[in-house]
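I have placed the structure first, in the form of structure tokens, so that the comments after it can refer back to it.
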Protein chains: 2
Amino acid sequence: MKDPLLEFPGYALRRAANAAGAILSERLGELGLRQADASALILLDANPGLTSSRLGAALGIQRANMVPFLNRLETEGFVERVPIDGRTQGIHLTDQGRARLTDARRVIETFEAELIAMVPREHRTHLLPALLALWK
Amino acid sequence: MKDPLLEFPGYALRRAANAAGAILSERLGELGLRQADASALILLDANPGLTSSRLGAALGIQRANMVPFLNRLETEGFVERVPIDGRTQGIHLTDQGRARLTDARRVIETFEAELIAMVPREHRTHLLPALLALWK
DNA sequence: GCTTTATGCTATGGGCCATAGCAATGATCA
DNA sequence: TGATCATTGCTATGGCCCATAGCATAAAGC
């Protein structure tokens, strides 16, 4: 069967992201985390007290969607909101959040290593810079 | 602001695919098409009479989700189902489907060219093979 | 002080994917 | 040939992620 779609980098990009995302989501799911959760934990660990808006901007999540997202993280005890002024609040990891992050890191690093191992050696170092150029 | 996520190819893959997908979806939307629609039209043009199951397998769409998908394409007059035997049917493009495909091709080829142009020259030829290795 | 902007929020819908289960047909094989 | 198995197309349903519109309050800017 002919597949002309295989010539399109954009199509390959979508399929690759879906395939990789499915694997990672499944593994993070065993920790009770989604991909966005793990990303948020990593970002908050590196930048404690980040604002909801700024965290959302970094993750590419809109303000409106940050609300239920952070609510869930807070309900599960990974995160707490600390008021900064009347309208702004800093998001901080709880001890439980940091503990879960440790587990998540293991999963993610294993996953990323496997991912890189899938691409032929001669293309390997080019993947990350090429991908970053597409959205950064 | 520190962003440790930028070291992860898997994360960059997801962000790049989302960014690219948003642009393509918007442009195809002006033609009344979604990404999966355009992919299906291209595949059906290259392989007339493809079965729903086989088309779904090629596109990475499950049987259950092919039903409303093909219903819509049929309702909009892009596709017709031709019974092969009692339980199998071949999907064929209609003239209207082929016409819309012509427009879609223009959009997609422009998009793909712009996408490739975004990646630095030294990484350009590595992108497609690297991505194909991640799911093919 | 008044206007403008930023922040966090509610409500809602779309697109895409996944699972479970079903009826009917075709294929396989004793 | 007849019984079993596999395939095909389908219904129903829910989850996840994203997008828009609109709102109240608070801070910043003039």
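Pairs engaging residues 112-136 of chain A under the ring pair (Phe, Tyr, Trp, His ring centres under 6.0 Å) rule: A:His123-B:His126, A:His126-B:His123, A:His126-B:His126 [sequence neighbours left out]. Pairs engaging residues 71-82 of chain B under the side chain to side chain donor-acceptor pair (under 3.5 Å) rule: B:Asp37-B:Arg72, B:Asn71-B:Arg81, B:Glu74-B:Arg81 [sequence neighbours left out]. Listed by first then second residue, pairs satisfying side chain to side chain donor-acceptor pair (under 3.5 Å) with a partner in residues 46-66 of chain B number zero, not counting sequence neighbours.
The interatomic distance linking A:Glu74 (CD) with C:dG8 (C1') rounds to 13 Å, in whole Å. Atom pair A:Leu50:CG and C:dT7:P shows a separation of 12 Å (rounding to whole Å applied). Remark: C1' of C:dC17 and CG of A:Asn18 are 9 Å apart, rounded to the nearest angstrom. Protein atom CG of A:Leu73 is 11 Å distant from nucleotide atom P of D:dC17, rounded to whole Å. Atom CE of A:Met66 and atom P of D:dA19 are 14 Å apart (whole Å). Across the protein-nucleic acid pair, A:Leu28 atom CG and D:dC17 atom P stand 11 Å apart, rounded to whole Å. Residue A:Leu33 contributes atom CG, which lies 11 Å from atom P of D:dC17 at whole-angstrom precision. The nearest whole Å value for the distance from the CG atom in A:Leu70 to the P atom in D:dC17 is 14 Å.
With DNA chain D read from its 5' end, the first of the two nearest nucleotides for B:Gln89 and A:Ser25 is the one closest to B:Gln89. When each of B:Ala22 and B:Pro68 is assigned the nucleotide of DNA chain D bearing its nearest heavy atom, the one mapping closer to the 5' terminus is B:Pro68.
Contact record, B:Tyr11 with A:Ala58: OH-O, 3.6 Å, taken as the closest heavy-atom pair. The shortest non-hydrogen separation linking B:Leu115 to B:Ala20 is CD1-CB, 3.8 Å. B:Leu33 and B:Ala104 make their closest contact through CD1-CB, 3.8 Å (heavy atoms, listed as atom of the first residue, atom of the second, distance). Scanning both residues, B:Leu24 and B:Val107, for their nearest heavy atoms gives CD1-CG1, 4.3 Å.
For the helix from C:dG1-D:dC30 to C:dA30-D:dT1, the rotation axes defined at the first and last 5 base pairs enclose an angle of 30°, given to the nearest 10°.
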query: What does nucleotides 21-30 of chain D look like as a protein-contact string, B for base, S for sugar-phosphate only, - for none, at under 4.0 angstrom between heavy atoms?
result: B----BS---
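The side chain of A:Ser52 places no N or O atom within less than 4.0 Å of a non-bridging phosphate oxygen (OP1 or OP2) of C:dT7.
By the 6.0 Å contact criterion, CD on B:Glu122 is enclosed, its count of non-hydrogen atoms from other residues, nucleotides or ligands being greater than 12. No more than 12 heavy-atom neighbours from other residues, nucleotides or ligands sit within 6.0 angstrom of CD on B:Glu7.
Among residues two or more places apart in sequence or in another chain, the salt bridge (Lys or Arg N to Asp or Glu O under 4.0 Å) test is passed with B:Asp3 by none.
Here D:dT20 is the nucleotide among C:dT7, D:dT20, C:dC17 with the atom lying nearest to any side-chain atom of A:Gln62. Nearest to the side-chain atoms of B:Asn65 among the listed nucleotides C:dC9, C:dC17, D:dC10 stands C:dC17. Comparing D:dG9, C:dG8, C:dC17 by their closest approach to the side chain of B:Ile61 singles out C:dC17. Taking every side-chain heavy atom of B:Arg81 into account, D:dC10 is the closest of D:dC10, C:dC17, D:dC18.
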